[in-house]
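Every chain is numbered from 1, with letters handed out A, B, ... down the list of sequences.
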Number of protein chains: 2
Amino acid sequence: MSKVRPDAPVTAEPAMIDGIFRALADPTRRNVLERLSERPTSVSELAAKHAMALPSFVEHLKILESCGLVSSRKVGRVRTYSLAPDRLRLAEDWLGTQRRLWEGRLDRMDDYLLRLKMEENR
Amino acid sequence: MSKVRPDAPVTAEPAMIDGIFRALADPTRRNVLERLSERPTSVSELAAKHAMALPSFVEHLKILESCGLVSSRKVGRVRTYSLAPDRLRLAEDWLGTQRRLWEGRLDRMDDYLLRLKMEENR
DNA sequence: CAAATACTAAGGTGTTTACCTAAGTATTGC
DNA sequence: GCAATACTTAGGTAAACACCTTAGTATTTG
């Protein structure tokens, strides 16, 4: 069980989250992540499904690697990318925290409306 | 209920998700979302905490609204923004799906390693 | 060893982003 | 009514992005 999870007050984090969300904002890059969740894959195999010049595509891979969402190793002339799940969790944590916050807010609003109603009925 | 083909993105409405992740990629905008999860707030009150010219800040609000993460209403001269939780869920869903996929992948790898070990011990 | 393969580097282009200032337009308070 | 308030509009800039082409460099493979 390898888990990078310091007890973070996840709400507001550094520029790291910027980079992760930015990386996720592109469909090419999301597709790469989806495919890497199946298995590690070489640059050319990943690139084959994208109608784009290779250097352009490789740039996307570099972006994913630079924010830590994937890692790569070169063996011979082949570079293979794999998913690096820890970082995705950062983004998920932020969203989860947010959801909890707005759910809390909705609950408070419910309470408020309930109290209003009770006063009306009094 | 058609299942998507293995090499196709699992995600629906990619353009919408692009916009949402892009919106989340900026710390100013994330901070606005965090504050709106407390309560609806006017433009000037939101802007007060950001060292930025008002028109610049308002641009961030427009971005959040254009991708549906928040909504606004103007009453008199005051425009009030509030959180619109549905869309955040889209981003969360994508990440959740991804997590399930890579967890599946890790499980398969565990199985594989387990089988290897059992063969060794035979 | 030559040719094919798998990237990698370098540099160029048009668009989008994230800010700015200056000058509006409605509303509201006195 | 006049001034303060709360945005809005218009426009301008520098840097980042997402592509491209052309030309490399290592590594296999026949």
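Nucleotide D:dC7 holds its P atom 16 Å from the CE atom of B:Met52, rounded to whole Å. The distance from atom CG of A:Leu61 to atom P of C:dA9 is 14 Å, rounded to the nearest whole Å. Put simply, CZ on A:Arg79 is 13 Å from C1' on C:dA9, counting in whole angstrom units. Distance, A:Phe57 CZ to D:dC17 P: 18 Å, rounded to whole Å. Taking atom CD of residue B:Glu59 and atom P of nucleotide D:dC7, one finds them 16 Å apart after rounding to whole Å. Look at CG on B:Leu46: it is 9 Å from P on D:dC7, rounded to the nearest Å. Distance, B:Leu54 CG to C:dC19 C1': 13 Å, rounded to whole Å. The nearest whole Å value for the distance from the CZ atom in B:Phe21 to the C1' atom in C:dT17 is 19 Å.
Distances shorter than 4.0 Å separate none of the side-chain N or O atoms of B:Lys62 from OP1 or OP2 on D:dT8. For D:dA4, neither phosphate oxygen OP1 nor OP2 lies less than 4.0 angstrom from any side-chain nitrogen or oxygen of B:Arg77. Within the structure, a side-chain polar atom (N or O) of A:His60 is placed less than 4.0 Å from OP1 or OP2 of D:dC19. The phosphate of C:dA6 has neither OP1 nor OP2 within less than 4.0 Å of any side-chain N or O from A:Lys74.
Using a cut-off of 4.0 Å between Lys/Arg side-chain N and Asp/Glu carboxylate O, A:Glu45 and A:Arg39 are scored as salt-bridged.
With the nearest nucleotide of DNA chain C identified for both A:Glu45 and B:Gly76, A:Glu45 has the one nearer the 5' end. Sequence order on DNA chain D of the closest nucleotides to A:Arg22 and B:Thr80 puts B:Thr80 first from the 5' end.
Using a 4.0 Å heavy-atom criterion, one finds that A:Ser56 contacts the bases of the nucleic acid, with or without backbone contacts as well.
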Query raised in the report: Passes side-chain contact (heavy atoms from CB on, under 4.5 Å), A:Asp26 versus B:Phe21? Steps please.
Result: CA-CA 8 Å; A:Asp26 184 281; B:Phe21 279 127; over 6 Å; no
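Counted by atom type alone, A:Thr80 and A:Arg73 present zero donor-acceptor pairs between their side chains at under 3.5 Å.
Listed for the A:Arg87 side chain is a donor-acceptor partner under 3.5 Å among the backbone atoms of A:Cys67.
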